[in-house]
Amino acid sequence: MASTHAWRSLIPGTLALALLVACSPDGGSAPQAVAPAATQAVAEDALADAVASLRARIIEQVPADEMEALTPDQAIALATDEEREILSTGFLRFNVDAPATVHVLLSPDSDIAPFWLAERGFAPSGQDALVDVEDDFRGWSKQVPAGEVALGVPSIEMGVKPYIVVVAPAEAGSAQPAISNPWPGTMGIATATTGVRVFTDDTDELDGIDPALEGLALLQTLEKREDEAGLVGYFRATPYPSGADADHVVLTWSGDSTSTQSIQWRTATGSANAQLRYVAEDGGEPVVVEANSVELHTPDVANDARVMRHTVALEGLEPGTTYRYAIGDGEHWGEERDFTTAPPRGEAFTFIYMGDAQNGLDTWGQLVRGARAEYPQAAFYVMAGDLVNWGERRDDWDLFFENARGVFDTRPLVPVIGNHEVDQGRAELYVDQFDLPRNGPDGIEPERLYSMEYGDALFVVLDSNLEPEPQVEWLDATLGASDATWKFVVYHHPLYSPRPDDRGQPEQKAAWVPVFEKHGVDLVLQGDDHAYMRSHPLRGDEVVDSPADGPIYILSVAGTKMYEQEDAPWVARRFTDISTYQVIDIDGGRLEYTSYDVDGTVMDAFTIEK
């Protein structure tokens, strides 16, 4: 290939971060001794403890209004000598059986040199690599003796991908040093050549590499560890901090929709507004209930790190009944709101379905409030995942709840987990903030998937972030046990994708579609692809004449992030760059579906009759 310097200019002026070989205290090249008992868990704990201590020190010593603008120099100045050492040597380790030149190829995600770069003796090598088409990973190198090599964190900034490591002989023409005992053990060892993956847990590939590094040993690191030592960019300020009064009021169901209602809200810590008073609209004695109150600690929210989440799960309600409720301290009560329980089976109802909100939550707020104003009869809202862009960041959830003010406090939300709700496999803030049915399959975290009935309809919520097979038996049993006239399945990642890069989910499709078809699912509601698409009725990947023969698959987007689409034989209607909401009316054996944009223009419509 051409010299790397020909394509280095893709990212002009970038000074990437270097990770360091552990050296003797006097700056020599002898590797530091590492205790044999330093297991992976112990080492991980040491790094996590050091980062946690630094974050706590920043909270203590840096004013809240200055945390967002914290610089790397300011952050590292607060570290102890021990913490600096852990940050310099505690990210990954491996052994070489002969003297070697270690090349660390550093992500272009940062242009700030780390504090340890000069201290540990790495120098720019000019031997770079091109990753994922356009990312110029910049080379730094150092010679090391045989033994253990210990490298530090890729950055103390958030959002900087880990480096990759190439190991060469210390002297040209010598034998390739063997790599052993890589830690963490989930890293991989490959050959540095075009097309090889650079991370073991991500699809980024090596698209080009300096000829001098071609064919050498490549240590594939873990992309998911990019924020493991994040200090700079970790702290953010929410524009909507909590107060003594209740806000972020949201209705969900955790039980029977005809006789229960869950109500959740937020206050600042110390607020006495942890009680709920409710009464049937047509009369009766008000009932006061104490909430289940739990502190939600999100230390990255600099100006509001601790809030209280309050939940009341009402039971024994009457079907089809409107109740008035207010939140207060037992003496003083706030704004009166209302909710209505599901009607008896067989009565007509309307619900609204939306795809990803995710980006542009203020614009989405206009859409969802407009839907509420135009269709006040809608009983609840289904959202097919990616409610927010950063599911692990509470300030993003604050934006979501603020923009849903006046909607989800009177009409329940039926949410789905999207990939943006998940961080490191968990969906903690999603689970913490919504009280949902706990009737999913054994072995899967409760509330990630569930089922519920409303009127003469069954709704089954799946989690397309998880492996599909463990959900199949439960899905089959849940659909099979229901005699509801209408059956809906909701999840995030579409099984039939109109994206040009074919983002269909083959494993989920193979596992779930036969079950949908077996049990007569009517509509499959999806998100993720940031466009609008409705399929023809499908069975076995083939277009069929009637929805009675196979489900209709729909995906939509409610936010401002948009993707391109292309035609496919199974596409009945598609369009791009338009945020929509979908109104679904059910009356006995008739379903009317209408898709609207923010201005109320009809974008799609169809009817199913049984």
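- In this structure, Arg426 does not pair ionically with Glu421, as no charged nitrogen and carboxylate oxygen lie closer than 4.0 Å.
- If you check the side chains of Tyr496 and Asp541, you find a donor sitting under 3.5 Å from an acceptor.
- Evaluated for a ring pair (Phe, Tyr, Trp, His ring centres under 6.0 Å) with Trp512, the options Tyr491, Tyr553, Trp474 yield exactly one hit, Tyr491.
- Across all their heavy atoms, Thr89 and Arg93 have their closest contact at O-NE, 3.6 Å.
- Judged by the 6.0 Å and 45° rule, Arg438 forms no cation-pi pair with Tyr450.
- Ser174 contributes a side-chain N or O that, together with a main-chain N or O of Glu171, makes up a donor-acceptor pair within less than 3.5 Å.
- Counting only N and O atoms by type, the side chains of His492 and Asn419 include a donor and acceptor under 3.5 Å apart.
- Note: Phe434 and Trp397 meet the aromatic proximity criterion, with ring centroids under 6.0 Å apart.
- At least one donor-acceptor pair closer than 3.5 Å links the side chain of Gln565 to the backbone N or O of Tyr532.
- Side-chain atoms of Asp207 come within 3.5 Å of backbone N or O of Asp132 as a donor-acceptor pair.
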Check the pair Ser110 / Glu157 against side-chain hydrogen bond (donor to acceptor under 3.5 Å, both in side chains), numbers first and verdict last. CA-CA 8 Å; Ser110 174; Glu157 298 174 87; 2.3 Å; yes
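- Checked by atom type and distance alone, the side chain of His530 pairs as donor or acceptor with a backbone atom of Lys561 at under 3.5 Å.
- Within the 4.5 Å cutoff, no side-chain heavy atoms of Asp65 are placed close to those of Asn303.
- Annotation for Leu436 and Pro415: closest pair CD2-CD, 3.7 Å, computed over non-hydrogen atoms.
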Using side chain to side chain contact (heavy atoms under 4.5 Å, CB included), reason through Thr576 and Met562 one step at a time and then give a plain yes or no. CA-CA 7 Å; Thr576 59; Met562 301 292 172; 5.9 Å; no
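- A 4.5 Å side-chain heavy-atom check between Leu151 and Val165 finds at least one atom pair inside the cut-off.
- Taking a cutoff of 4.0 Å between a charged side-chain nitrogen and a carboxylate oxygen, Arg225 and Glu228 qualify as a salt bridge.
- Of all heavy-atom pairs spanning Ala427 and Ile417, the tightest one is CB-CD1, 3.9 Å.
- The ring of Trp140 has its center no closer than 6.0 angstrom to the ring center of Tyr163.
- Annotation for Pro154 and Pro162: closest pair CB-CA, 3.8 Å, computed over non-hydrogen atoms.
- When atom types are taken as modelled, the side chain of Ser464 and the backbone of His493 share a donor-acceptor pair closer than 3.5 angstrom.
- Two residues are said to be in side-chain contact when any heavy atoms from C-beta on lie closer than 4.5 Å; Trp390 and Asp395 fail this criterion.
- Listed for the Asn359 side chain is no donor-acceptor partner under 3.5 Å among the backbone atoms of Thr560.
- Within the 4.5 Å cutoff, the side chain of Leu222 has heavy atoms near those of the Met187 side chain.
- For Glu214 (side chain) and Asp210 (main-chain N/O), no donor-acceptor pair under 3.5 Å exists by modelled atom type.
- Under a 4.0 Å N-O distance rule, the pair Arg574/Glu564 does not qualify as a salt bridge.
- No donor-acceptor distance shorter than 3.5 angstrom exists from the side chain of Thr200 to the backbone of Gln220, with no hydrogens or angles considered.
- A salt bridge does not link Asp109 to Lys161: none of the charged side-chain nitrogens sits closer than 4.0 Å to a carboxylate oxygen.
- Evaluation of the salt bridge (Lys or Arg N to Asp or Glu O under 4.0 Å) rule for Asp463 yields Arg448 as partners, not counting sequence neighbours.
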Show the numbers, then the answer: is there a side chain to side chain contact (heavy atoms under 4.5 Å, CB included) between Leu105 and Asp128? CA-CA 7 Å; Leu105 304 178; Asp128 303 347; 5.7 Å; no
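- When atom types are taken as modelled, the side chain of Glu66 and the backbone of Val62 share no donor-acceptor pair closer than 3.5 angstrom.
- Within the cation-pi definition used here (under 6.0 Å to the ring centroid, within 45° of the axis), Arg309 qualifies as a partner of Phe401.
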After noting the C-alpha distance and the side-chain angles of Glu223 and Arg197, does the key distance pass the salt bridge (Lys or Arg N to Asp or Glu O under 4.0 Å) rule? CA-CA 11 Å; Glu223 194 272 342; Arg197 288 190 177 187; over 6 Å; no
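- The shortest side-chain heavy-atom distance between Phe115 and Pro72 does not fall under the 4.5 Å cut-off.
- Note that the CG atom of Asp204 and the CG atom of Asp135 stand 7.0 Å from one another [nearest 0.5 Å].
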Give the C-alpha distance, both sets of side-chain angles, the deciding distance and a yes or no for side chain to side chain contact (heavy atoms under 4.5 Å, CB included) between Met158 and Val232. CA-CA 6 Å; Met158 298 289 286; Val232 174; over 6 Å; no
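- Within the cation-pi definition used here (under 6.0 Å to the ring centroid, within 45° of the axis), Arg55 qualifies as a partner of Tyr234.
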I would like to know whether Asp304 and Arg394 meet salt bridge (Lys or Arg N to Asp or Glu O under 4.0 Å); could you show each step before the answer? CA-CA 10 Å; Asp304 197 33; Arg394 207 206 76 219; 2.9 Å; yes
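- Surrounding CG of Asp81 are at most 12 heavy atoms belonging to other residues, nucleotides or ligands under 6.0 Å away.
- Using modelled atom types, one finds a donor on one side chain and an acceptor on the other under 3.5 Å when comparing Gln358 with His420.
- Of all heavy-atom pairs spanning Leu47 and Gly90, the tightest one is CD2-O, 3.7 Å.
- Residues Val307 and Ser242 approach most closely at CG1-OG, 3.4 Å, considering heavy atoms.
- Val198 has its side chain out of reach of Glu205: every pair of non-hydrogen atoms, C-beta onward, lies at least 4.5 Å apart.
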Could you walk me through whether Arg57 and Thr80 pass the side chain to side chain contact (heavy atoms under 4.5 Å, CB included) check? CA-CA 11 Å; Arg57 200 169 302 123; Thr80 65; 4.2 Å; yes
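- Within a 6.0 Å sphere centred on CG of Asp442, other residues, nucleotides and ligands contribute 12 heavy atoms or fewer.
- Between Arg236 and Asp300, at least one side-chain nitrogen of the basic residue sits less than 4.0 Å from a carboxylate oxygen of the acidic one, meeting the salt-bridge criterion.
- Side-chain atoms of Asn95 never come within 3.5 Å of backbone atoms of Asn181 as a donor-acceptor pair (strictly under, hydrogens ignored).
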